[in-house]
Structure formats: C-alpha cells, structure tokens
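Every heavy atom of this structure was used, including side-chain atoms; hydrogens, water molecules and symmetry mates were not. Whatever order the structure lists them in is the order used to number ligands and atoms, beginning at 1.
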Amino acid sequence: MDSIAYVNGDFVLLSEAKVSVLDRGFLFADGIYEVSAVLGGKLIDNDSHLARLERSVGEIKLPLPETVARIKEIQHELISRNQLKDGLVYIQVTRGADVGRDFAFPKGVKPTLMMFTSVKDIVNAASAKTGIGVITVPDIRWTRRDIKSVALLAQVLAKQAAAEAGAGEAWMIEDGGKVTEGGSSSAFILTKDDVLVTRENSSAILPGCTRKAVVKLAEERQLRVEERAFTIEEALRAKEAFITSASSFVQPVVKIDGELVADGKPGPVALRLREIYIEFARATGT
Ligand code: PLP
C-alpha cells in the first residue's frame, strides 16, 4: 500500500514524491538524515534523534528549513496519516537544488526537507531471538563519522558484503582490528568480567541514540560500562556481543566472520537489555 510522504511543505504519495536532479543530496550527498523508531504509534527517544539532527546540520552549516517543533509536528502527521503503529520515520535535509553543479554552497537556495515512514515490527523481529552473524570489513569512511551524512556508500558496500555472506550486519574495523561500529548500528561486547564495552564517542563513530540510552539503562542497573575500543579478538573471547540502533533496538550477535561468540546463542544480558530498552521505549514514547 502506498503511504504518504512529506516533501518541502507538501504531503504527497511516497511513490509520487519528487525532488530535482539538481538537488545537492543527489549530486554531492550534501545532506543529513535521521531515523526514529515508532512503537504503538509513538516516537521513541525522538528528542535525542532531533538533537543529533540539529548538531549534524550545524556541523555542515546547513540551516534547517523548518523549526524542530514543526519537524516534530510533521513526524506526527505522517504517523497519523499513514496510521503507522510500528516502524520508522525517516527525515532527510539537503542543501537544496541550485541551477547547476557548483561545489560551493549556493546562495538563496532553500534546503530540501523530505520525510517518510516505513512499517517495521522491531519488537517481534525473528532475528532478535536467534541473534545475527556479523562480518568484518575495513572501515573506509571519511573521518567525520559523527555527522549523520547521507554519504553512505561505504556502508552500502559493507552491508551488501554482509548480505552476500548471509550475515545481518558488517562491523567496520581499523587500526589493527579495532571495531568502530556497525554499518548502521553501534557495537557492544560483554567481557568475561561482565563489563559492557562499546567504543567511546568521537569523530570515529556516529553517536548512537540507542547506544546512549542503553548505556544509561545499563548503568542504572549497576552494570559496569567501559567506553573504549575493542578488537575482533576480544569480541571472540567475550561472553556476549550485540548491536544497537533505532531500527533494531538491541540485537544479539552470535557469530563474527563465521566464528561463534561464546556458545553461539543470544546472551542473557543482551536479551535482558533488549527487554529493558523496549520497556523504556513503551514508557517514554511521544
Ligand atoms: N552507527 C551508524 C553508522 C549508524 O548508521 C547508526 C544508525 O543508523 C547507528 C550507529 C545507530 O544509531 P541510532 O541508535 O541512533 O539509530
């Protein structure tokens, strides 16, 4: 069934939604995006996602064409028009369409704002029960990964390689086997000493909103968390591994490059953190 999208002030059928071929998002990947989950018709951790949107556009000097309050209204209007219960709301802002293809910022061009929804039953995903395998690939991205840029070619290639290998995610590695993050998720392990480890925020990774919430929820429950890089060798010696993202919440990782993590079954801490995150989501959705 076709759904309703928002493009530059208009609500239109997603299949008919259009922007110019001169849009700088299309020509230069000169844009930023955000994805918020929807559970029971409510947006999950949305203020955190919109704060990251504001930060990302600020980092590339791209003015938002609407206020954050208006963007929130549009998110809710799309959820309501599409009668969305469980899924995702996607937001993309680009530097708009100029009359040609000059690299420098155009003057007097209004940024493009486009939003749409998709249906996804994140809570009941089968892969949350079985766990997923990940493959490792070199992290070939630029050095400002803290900006949620639409330039996602490295992640497209990484996740395609994962799909071809029958894996659910690609973990990107650099500096002698250190994991930066997943193609579209943050990476965690639980060490033999029961310490949760996830890489510290820096320009080397995207500051995951789900990562932030899970770290807080874990610490509130007296779990020890260390924010530092870990290697694939350490992950293979760990008790558990998992990923977090708005589109998967918490997902156990049971295999890395074909090798089992512990006994190859989803770990109890990952499964418990998933439940805790879902409780948090249901309690705080807006
Ligand atoms: N890291 C990368 C590279 C991502 O693309 C994403 C989500 O798209 C994440 C981490 C997870 O971020 P969040 O939890 O905010 O969805």
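For ligand 1 and Ala246, the ligand atoms under 4.0 Å from any heavy atom of the residue are 13 (P), 14 (O), 16 (O). Atoms of ligand 1 found under 4.0 Å from any heavy atom of Gly182 (numbered from 1 in listed order, with element): 3 (C). Annotation for ligand 1: atoms under 4.0 Å from non-hydrogen atoms of Ser185 are 1 (N), 2 (C), 4 (C), 6 (C), 9 (C), 10 (C), 11 (C). Of all atoms in ligand 1, numbered sequentially from 1 with element shown, those under 4.0 Å from a heavy atom of His49 are 15 (O). Within ligand 1, counting atoms from 1 as listed, the ones closer than 4.0 Å to a heavy atom of Gly183 are 3 (C), 5 (O).
Annotation: atom 5 (O) of ligand 1 to nearest protein heavy atom, Ser184 CA, 3.4 Å. Among protein heavy atoms, atom 12 (O) of ligand 1 sits closest to Gly208 CA, 3.5 Å. Among protein heavy atoms, atom 14 (O) of ligand 1 sits closest to Thr210 OG1, 2.6 Å. Remark: minimum distance from atom 8 (O) of ligand 1 to any protein heavy atom is reached at Lys148 NZ, 2.9 Å.
Judged as a side-chain hydrogen bond (donor to acceptor under 3.5 Å, both in side chains), and not counting sequence neighbours, Thr191 has no contacts. Listed by chain and number, the residues in a side chain to side chain contact (heavy atoms under 4.5 Å, CB included) with Arg81 are Ile4, Phe11, Glu77 (sequence neighbours excluded).
The distance between the ring centers of Tyr6 and Phe116 does not fall below 6.0 angstrom.
Residue contacts with ligand 1 include Tyr33, since one of its heavy atoms falls under 4.0 Å from the ligand. Residue contacts with ligand 1 leave out Lys212, since none of its heavy atoms falls under 4.0 Å from the ligand.
For the residue pair Asp30/Thr94, the side-chain donor-acceptor check at 3.5 Å is not satisfied. There is no side-chain donor-acceptor pair under 3.5 Å between Glu279 and Tyr277.
Using cut-offs of 30° and 60° on the angle between ring planes, the pair Phe188 and Phe242 is parallel.
Polar contact with ligand 1: present for Glu181 (N/O pair, distance under 3.5 Å). Residue contacts with ligand 1: Leu206 is placed with no nitrogen or oxygen under 3.5 Å of a nitrogen or oxygen of the ligand (distance criterion only). Annotation: Thr244 places no N or O atom under 3.5 Å from an N or O atom of ligand 1; distance criterion only.
A cation-pi contact, defined as under 6.0 Å to the ring centre and within 45° of the axis, is absent between Arg199 and Phe230.
Inter-residue side-chain proximity for Lys18 and Val7 is flagged as unmet; no heavy-atom pair is nearer than 4.5 Å.
More than 12 heavy-atom neighbours from other residues, nucleotides or ligands sit within 6.0 angstrom of NZ on Lys159.
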